[in-house]
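Take a look at the structure below.
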Number of protein chains: 2
Amino acid sequence: MAEGRRPRAATEEKRKRILDATEEIMLKDGYAAVSSRSVAAAVGIGAPLVHYYFPTIDELFVAVLRRRAGRNVERMAEALMSAEPLRAWWEQASDPRGTAMFVELLAAANHRPALKAEVGGIARDVRRMQLDALGELLGEYGIDPEQLPPPLVAAAIQGLAFSVVQDQAAGYDTAADEAIAAMDRLVGRLEARRQLRSDRGARGA
Amino acid sequence: MAEGRRPRAATEEKRKRILDATEEIMLKDGYAAVSSRSVAAAVGIGAPLVHYYFPTIDELFVAVLRRRAGRNVERMAEALMSAEPLRAWWEQASDPRGTAMFVELLAAANHRPALKAEVGGIARDVRRMQLDALGELLGEYGIDPEQLPPPLVAAAIQGLAFSVVQDQAAGYDTAADEAIAAMDRLVGRLEARRQLRSDRGARGA
DNA sequence: GAAAAGGTTGAACGGGCGTTCTAAATAGAT
DNA sequence: ATCTATTTAGAACGCCCGTTCAACCTTTTC
């Protein structure tokens with residue numbers, strides 16, 4: 001069973017550079033601009049070498065997604081358990097770079113079945129995590145789960161982030177700045193309210 | 001000055017068929033699958049003829065956008081002046097076909113400057129319309145514009161629609177159905193509240 | 001019915017794509 | 001120092017792309 005004999009030293013670092021270059025291209029020119037040749041040129045290697053590390057372009061996309069998602073899932077888990085879960089969530093969701101990447105991957109997934117399956121799994125896991133957390137948190141924020149149930153709140157935060165980040169990145173004049181400022185204030189008020197309730201609870205008990 | 005001599009009869013209908021086919025391809029296989037040859041094949045003509053009607057692919061995308069946007073701007077204006085503006089807005093925003101098309105055009109615009117400029121102009125006009133309307137409406141719905149100002153509400157509705165429609169269309173298991181159901185109920189409650197206030201106002205005055 | 005404009009086609013251009021094949025260089029193990 | 005698996009490059013395959021060009025058909029106009 002001990003078959004893998006010798007992996008070389010520079011190889012892992014080359015995988016990383018290929019993935020980095022792929023992300024760069026996706027952000028600058030869109031997922032459609034990703035090709036074995038464009039990636040190879042960015043890294044400074046030949047096109048076939050890209051296929052040596054990632055046999056098909058699909059696998060390259062999947063690898064990019066897995067690396068990103070791995071970090072993001074961790075960070076989302078930390079955010080949801082932090083002292084100010086909503087603020088941490090919103091900060092992560094409204095990160096321009098991460099959101100832009102996710103939008104590209106989402107778009108690419110729409111006509112790449114292998115990637116689509118991977119995205120679907122991650123989306124489900126992340127959402128489940130968020131829904132579980134919101135089940136506890138909504139009450140603490142003083143939000144009525146009957147009126148604003150977890151699935152709606154989670155989708156709204158995600159969607160709002162998509163919308164404002166996209167408009168801001170593209171430079172569309174849709175008052176995205178004001179929306180972000182208002183959301184920051186709203187998050188601040190909700191965190192303050194939660195803090196207040198927790199203080200009262202601690203003293204009352 | 002009277003130079004244009006003879007436009008033919010079938011020509012306008014052919015433009016329409018080309019635009020229809022382009023939309024179809026965008027929805028099924030993504031904007032990247034749109035090419036003079038794929039569109040031509042769908043219509044049953046030769047590729048050069050597509051270029052006869054739309055000299056470049058950019059112009060084809062812009063034409064698709066203009067036709068869609070024209071209809072949608074009209075419908076949004078009507079929605080905002082209807083008896084239940086919020087419900088009409090939400091219904092339009094959560095239309096799967098329209099949203100999917102808009103997402104594709106948005107993605108395509110990210111690396112097609114001509115298209116990007118066009119999208120930007122339309123986005124600005126629509127958003128301005130919505131912000132104007134919300135300036136009046138928020139109060140009627142009993143929403144405090146200090147806490148939820150028009151730019152935030154508009155971006156949230158747009159983003160929420162993107163999010164749930166995308167997840168539902170792709171089949172991602174993110175509780176999108178529950179989010180939609182909750183949003184429908186929320187819209188219903190808000191419309192009822194507005195109706196109540198308007199009744200009281202009418203009697204009171 | 002002839003002239004002219006509008007509409008349509010087939011072939012071709014240069015270029016990028018994913019991928020594969022072959023063969024060379026290289027680095028680690030002995 | 002040699003062996004061997006790993007890593008790399010070059011060339012080539014067939015395919016699709018946007019676009020152009022010259023030629024043809026068809027409709028309108030007179």
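Protein chains get the first letters and strands the later ones, always in sequence-line order, with residue 1 at the start of each. Bear in mind the structure is a predicted one, so any value in this text is a computation, not a measurement. When reading the values below, keep in mind they use all heavy atoms of this one structure, side chains included, and skip hydrogens, waters and symmetry mates.
- Summarising the geometry, the separation between CD1 on B/Ile25 and P on D/dC16 is reported as 14 Å, rounded to the nearest angstrom.
- One finds a salt bridge joining B/Arg97 and B/Glu24 here, because a Lys/Arg side-chain nitrogen approaches an Asp/Glu carboxylate oxygen to under 4.0 Å.
- Look at B/Ser35 and you'll find a side-chain N or O under 4.0 angstrom from OP1 or OP2 of D/dG18.
- Closest to the B/Ser36 side chain, of the nucleotides C/dG7, C/dG18, D/dT19, is D/dT19.
- Contact check for B/Val73 versus B/Val126: side-chain heavy atoms found under the 4.5 Å cut-off.
- Residue B/Thr11 has a polar side-chain atom (N or O) positioned under 4.0 Å from OP1 or OP2 of C/dG7.
- A salt bridge between B/Arg128 and A/Asp173 is present, with a side-chain N of the basic residue lying under 4.0 Å from a carboxylate O of the acidic one.
- Across the protein-nucleic acid pair, A/Arg8 atom CZ and C/dA25 atom P stand 14 Å apart, rounded to whole Å.
- Atom pair B/Arg112:CZ and D/dC17:C1' shows a separation of 11 Å (rounding to whole Å applied).
- Side-chain proximity of A/Pro48 to D/dT20, C/dG7, D/dG10: nearest is D/dG10.
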* **Pair pattern of DNA chain D in dot-bracket, where unpaired bases get dots and | marks partners in another strand, Watson-Crick or G-U under 3.5 angstrom** => ||||||||||||||||||||||||||||||

For residues 38-47 of chain A, which side-chain N or O atoms pair as donor and acceptor with protein atoms under 3.5 Å away, sequence neighbours left out?
unit_1	atom_1	unit_2	atom_2	d
A/Ser38	OG	A/Ala33	O	3.0
A/Ser38	OG	A/Ser35	N	2.9
A/Ser38	OG	A/Ser35	O	3.1
A/Ser38	OG	A/Ser35	OG	3.3

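- When distances are taken from the side chain of A/Tyr53 to each of C/dT9, D/dT8, C/dG18, the shortest belongs to D/dT8.
- Between A/Phe162 and A/Phe102, the angle of the ring planes lies from 30° to 60°, which puts this pair in the tilted group.
- If you measure from atom CG of A/Leu49 to atom P of C/dA24, you get 18 Å, rounded to the nearest angstrom.
- The CZ atom of B/Phe54 sits 13 Å away from the P atom of D/dT19 (whole-angstrom rounding).
- Between the NZ atom of A/Lys14 and the C1' atom of C/dA25 there is a distance of 13 Å, rounded to whole Å.
- Which of C/dT20, C/dG7, D/dT8 sits closest to the side chain of A/His51 comes down to C/dT20.
- If you take CD1 of A/Ile57 and C1' of C/dT20, they are 14 Å apart, rounded to a whole angstrom.
- Within the nucleic acid shown, A/Val34 comes within 4.0 Å of sugar-phosphate atoms alone, with no base atom in reach, counting heavy atoms only.
- If you measure from atom CD1 of A/Ile45 to atom P of D/dT6, you get 18 Å, rounded to the nearest angstrom.
- Counting only distance, with no hydrogens or angles, the side chain of A/Glu191 and the backbone of A/Leu86 share a donor-acceptor pair below 3.5 Å.
- When the nearest nucleotides of DNA chain D are assigned to B/Ala9 and B/Ala33 by heavy-atom distance, the more 5′-ward of the two goes with B/Ala33.
- Salt-bridge annotation for B/Asp167 and A/Arg124: absent, with no side-chain N of the basic residue lying under 4.0 Å from a carboxylate O of the acidic one.
- Residue B/Tyr52 places at least one side-chain N or O under 4.0 Å from the OP1 or OP2 atom of C/dG7.
- Between A/Arg193 and A/Glu84 there is no salt bridge, since no side-chain nitrogen of the basic residue lies less than 4.0 Å from a carboxylate oxygen of the acidic one.
- In the set D/dT8, C/dC17, C/dA12, the nucleotide with an atom closest to the side chain of A/Arg37 is C/dC17.
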